[in-house]
Amino acid sequence: MERTLREILAQAGEKLLASGLGPIEIEIPKEEGFGDLSTPVAMGLAKALKKPPRKIAEEFVKLIDNKNIFSKVEIAGPGFINFTFTRDFLSDELKRLITERDLFLTENVGKGRRVQIEFVSANPTGPLHLGHGRGAAVGAALANLLKETGFNIEKEFYVNDAGRQVRLLGLSVFAKYMASCGIDYPFPEDGYHGDYVDGLAAEFKEVHGDSFADKQFDEASENFIDFAYKKMLALIKKDLEDFGVIFDTWQSERDLYSNGDVVQAIDDLRVRGYIFEHEGATWFRSTEFGDDKDRVIIKKDGEYTYFAPDIAYHRNKILRGFEELVDIWGADHHGYIPRMQAVIQALGLPPESLRVLLVQLVNLLKGGQPVQMSKRAGEFITLREVMDDIGPDTTKFLFLTRRSDSHLDVDIEVAKAQSSENPVFYVQYAHARINSIFEKATETDGYVAGSQKSGDFDGALYNDEEMRLVKKLLLYPMVLRGAALTHEPHRITFYMQELAGLFHPYYHKYKVITGDVQLTKARLALCEAIKIVLHHGLKVLGVNAPDKM
RNA sequence: GCGCCUGUAGCUCAGAUGGAUAGAGCAACUGCCUUCUAAGCAGUAGGUCGCAGGUUCGAGUCCUGCCAGGCGUACCA
């Protein structure tokens with residue numbers, strides 16, 4: 001529907017102005033009286049053409065072809081052009097939706113462009129918490145969105161298996177292990193305190209006995225670090241799998257060092273003239289690209305800062321051939337965006353090659369009271385706990401009903417209590433109900449199972465409520481496209497709720513299966529179309545579309 | 001101090017690239033199950049879009065200042 005209008009308007013635009021108008025804005029009017037779709041294009045041209053908007057709108061309307069698909073083209077308000085489609089056109093579109101299915105719902109805007117989405121990338125030093133879960137839900141949904149709109153997507157988890165944090169984990173486990181061997185060993189000041197650390201120490205002892213009891217940490221560090229972070233990584237992987245989030249690749253930070261990527265990346269920047277030495281340290285001149293200050297990448301003591309492997313990692317992504325990089329970070333890392341953007345530009349790429357999506361941390365409440373979370377003290381609610389309590393579908397939906405950069409309060413008590421009246425069930429229920437109708441229809445004489453898929457029905461039989469549903473369905477491709485281009489999966493969530501919100505009252509008011517064969521066929525077709533769209537939307541969100549509930 | 005994000009109904013949040021009379025869910029109250037699923041439906045309410053200016057045909061949306069909350073501002077990760 002919107003696609004057709006977009007083409008028609010573009011043609012008219014070329015006639016109006018030889019240079020064309022560029023992308024023409026198409027809106028969904030707030031009121032039904034304003035037509036099915038609308039464009040404010042004339043108002044935007046008023047200044048350039050030095051004519052009143054309504055006058056421009058009139059001229060524009062004259063240039064529009066294919067008028068037969070509109071039942072009304074109206075100039076309204078300050079200069080809106082409102083389009084109302086004919087029933088025949090809408091009915092044909094619905095038939096296409098039913099027969100072409102996903103092909104009709106999706107539009108190839110990506111044209112196979114290679115995009116990598118890196119998300120979660122939690123340190124393998126403990127279980128995933130709720131914030132990671134939110135990142136996982138958003139990243140997976142975004143990946144689905146972009147896949148459905150023609151992008152070539154790879155999902156990657158960056159494993160911070162080098163550096164201070166995993167070392168600290170190893171040391172924490174070492175201390176607990178020593179204690180369990182009856183040896184007094186000081187627990188590291190910034191060590192990890194969670195129960196899982198005790199678990200790791202116990203497991204280690206089970207495997208190795210007390211054969212390490214006479215060792216210093218420096219002698220045994222690799223044993224402990226490797227053992228601990230690999231266990232944690234396996235746990236993270238399992239949590240994500242159970243959450244329904246599967247990664248294509250897992251990139252190890254250690255490999256960046258052993259491959260020589262880190263050294264090469266710095267050499268590369270040096271050749272390009274963005275590296276300098278100052279007070280014994282090696283710096284990256286990020287101010288060249290708008291960062292507040294230059295950044296150290298090799299410290300006075302010869303150690304790399306965390307920034308060095310990050311540079312190498314992003315360079316590595318580019319060398320792998322990705323045309324666009326999406327990083328999903330916790331909002332507390334927003335301060336790193338300028339320096340990462342500087343890296344991208346220093347490597348010769350346009351700044352828009354890297355898009356950083358910030359996911360706000362999740363604020364956890366328990367019965368209205370904030371729960372203090374501290375990873376170091378081992379006090380935090382894990383994704384696992386919430387997922388086990390309210391289920392992966394509800395958890396994901398919850399994370400996806402809000403813009404990713406908005407603060408999110410999750411009251412764990414409320415989330416549990418509301419598990420049966422959560423919006424996700426509202427949407428899933430619509431899907432299940434339609435399936436139930438189909439089951440009933442196949443039992444009824446005259447309706448062969450799946451016959452509604454042929455698109456053989458008479459759209460003229462639809463009443464107002466049904467036409468409203470038809471139009472809503474035909475807007476889905478536009479919503480999907482918009483959500484993909486803006487990287488905003490929550491738009492799909494809202495659309496899903498709106499669609500279900502039209503279907504349930506309709507279901508309640510009208511019987512689909514009636515004595516009238518033609519009417520029944522038409523209604524089954526409409527239900528089929530709704531089911532197709534619900535299924536597609538839920539798939540994008542990573543949520544199940546159950547046939548029974 | 002400086003930078004980024006947020007401020008919309010009692011609560012949680014949408015609001016599309018600057019468009020027409022600012023929306024939904026939850027919570028509250030009242031009704032509806034011999035019917036294709038009551039995880040549903042129908043009805044009832046709520047607003048100085050943080051405050052003050054500005055830009056223009058038009059501002060919740062853009063700009064400036066202020067207020068409030070969060071985060072960041074390391075040769076930590």
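First the proteins, then the strands, lettered A, B, ... as listed; each starts at 1.
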Any strand is fair game: report the nucleotide pairing with [N] by Watson-Crick or G-U wobble, both distances under 3.5 Å, or none.
{"N": "G72(B)", "value": "C2(B)"}
{"N": "G47(B)", "value": "none"}
{"N": "C33(B)", "value": "none"}
{"N": "C62(B)", "value": "G54(B)"}
{"N": "A16(B)", "value": "none"}
{"N": "A22(B)", "value": "none"}
{"N": "A38(B)", "value": "none"}

[atom1] of [X] versus [atom2] of [N]: gap in Å, rounded?
{"X": "Phe276(A)", "N": "C75(B)", "atom1": "CZ", "atom2": "P", "result": "12 Å"}
{"X": "Leu361(A)", "N": "C5(B)", "atom1": "CG", "atom2": "P", "result": "16 Å"}
{"X": "Ile337(A)", "N": "C4(B)", "atom1": "CD1", "atom2": "P", "result": "11 Å"}
{"X": "Tyr507(A)", "N": "C41(B)", "atom1": "OH", "atom2": "P", "result": "12 Å"}
{"X": "Leu524(A)", "N": "C36(B)", "atom1": "CG", "atom2": "C1'", "result": "10 Å"}
{"X": "Glu32(A)", "N": "G23(B)", "atom1": "CD", "atom2": "P", "result": "13 Å"}
{"X": "Glu498(A)", "N": "A14(B)", "atom1": "CD", "atom2": "C1'", "result": "9 Å"}
{"X": "Met43(A)", "N": "C57(B)", "atom1": "CE", "atom2": "P", "result": "13 Å"}

Going by modelled atom types, is there a donor-acceptor pair between the base of [N] and the side chain of [X] at under 3.5 Å?
{"X": "Gln360(A)", "N": "U6(B)", "value": "no"}
{"X": "His334(A)", "N": "G3(B)", "value": "yes"}
{"X": "Thr305(A)", "N": "A74(B)", "value": "no"}

Quantified in whole Å, what is the [atom1] atom distance between nucleotide [N] and nucleotide [M]?
{"N": "A59(B)", "M": "G18(B)", "atom1": "P", "answer": "14 Å"}
{"N": "A42(B)", "M": "C33(B)", "atom1": "C1'", "answer": "14 Å"}
{"N": "G53(B)", "M": "G40(B)", "atom1": "C1'", "answer": "50 Å"}
{"N": "U64(B)", "M": "C2(B)", "atom1": "P", "answer": "14 Å"}

Inset, instruction - Identify which one of Leu256(A), Val343(A), Ile266(A) satisfies the side chain to side chain contact (heavy atoms under 4.5 Å, CB included) criterion when paired with Ile311(A). - result: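 For Ile311(A), the side chain to side chain contact (heavy atoms under 4.5 Å, CB included) check succeeds only for Val343(A).
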Inset, instruction - Let me know which of Leu400(A), Thr394(A), Thr401(A), Thr395(A) forms a side chain to side chain contact (heavy atoms under 4.5 Å, CB included) with Phe397(A). - result: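 Result for side chain to side chain contact (heavy atoms under 4.5 Å, CB included) with Phe397(A): Thr401(A).
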Hey, does [X] reach any base, or is it just sugar-phosphate, or nothing, if we go heavy atoms under 4.0 Å?
{"X": "Tyr306(A)", "value": "base"}
{"X": "Arg295(A)", "value": "nothing"}
{"X": "Lys511(A)", "value": "base"}
{"X": "Tyr426(A)", "value": "sugar-phosphate"}
{"X": "Glu25(A)", "value": "base"}
{"X": "Asn82(A)", "value": "base"}
{"X": "Lys509(A)", "value": "nothing"}
{"X": "Asp310(A)", "value": "nothing"}
{"X": "Ser406(A)", "value": "sugar-phosphate"}
{"X": "His333(A)", "value": "base"}
{"X": "Ile28(A)", "value": "base"}
{"X": "Lys299(A)", "value": "base"}

Hydrogens and angles aside, do [X] and [Y] bring a side-chain donor and acceptor to less than 3.5 Å of each other?
{"X": "Thr442(A)", "Y": "Glu439(A)", "value": "no"}
{"X": "Asp294(A)", "Y": "Thr287(A)", "value": "yes"}
{"X": "Glu466(A)", "Y": "Tyr510(A)", "value": "no"}

Legend entry - Atom of Phe284(A), atom of Phe307(A) and distance for their closest heavy-atom approach: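 That would be CD2-CE2, 3.8 Å.
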Inset, instruction - Determine, step by step, whether Arg295(A) and Trp283(A) satisfy the side-chain contact (heavy atoms from CB on, under 4.5 Å) criterion, reporting the C-alpha distance in whole Å, the side-chain angles of both residues, the deciding distance to 0.1 Å, and the verdict. - result: CA-CA 5 Å; Arg295(A) 307 292 172 176; Trp283(A) 298 66; 5.7 Å; no
Inset, instruction - Find which nucleotide of RNA chain B each of Gly77(A) and Glu279(A) is nearest to by heavy atoms, and output the residue with the more 5' nucleotide. - result: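 With Gly77(A) and Glu279(A) compared, the 5'-side residue is Gly77(A).
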Inset, instruction - Name the residue closer to the 5' end of RNA chain B, choosing between His508(A) and Thr39(A) according to the nucleotide with the nearest heavy atom. - result: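 The residue whose closest nucleotide sits nearer the 5' end is Thr39(A).
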Legend entry - Nearest listed nucleotide, side chain of Ile437(A), among A42(B), C36(B), G40(B):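 Closest nucleotide among those given: C36(B).
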Inset, instruction - Could you tell me how the ring of His490(A) sits relative to the ring of Phe494(A): parallel (under 30°), tilted (30 to 60°) or perpendicular (over 60°)? - result: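 Perpendicular, since the angle between the ring planes exceeds 60°.
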Legend entry - Glycosidic conformation of C26(B), taking syn as within 90° of 0 and anti otherwise: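 C26(B): anti glycosidic orientation.
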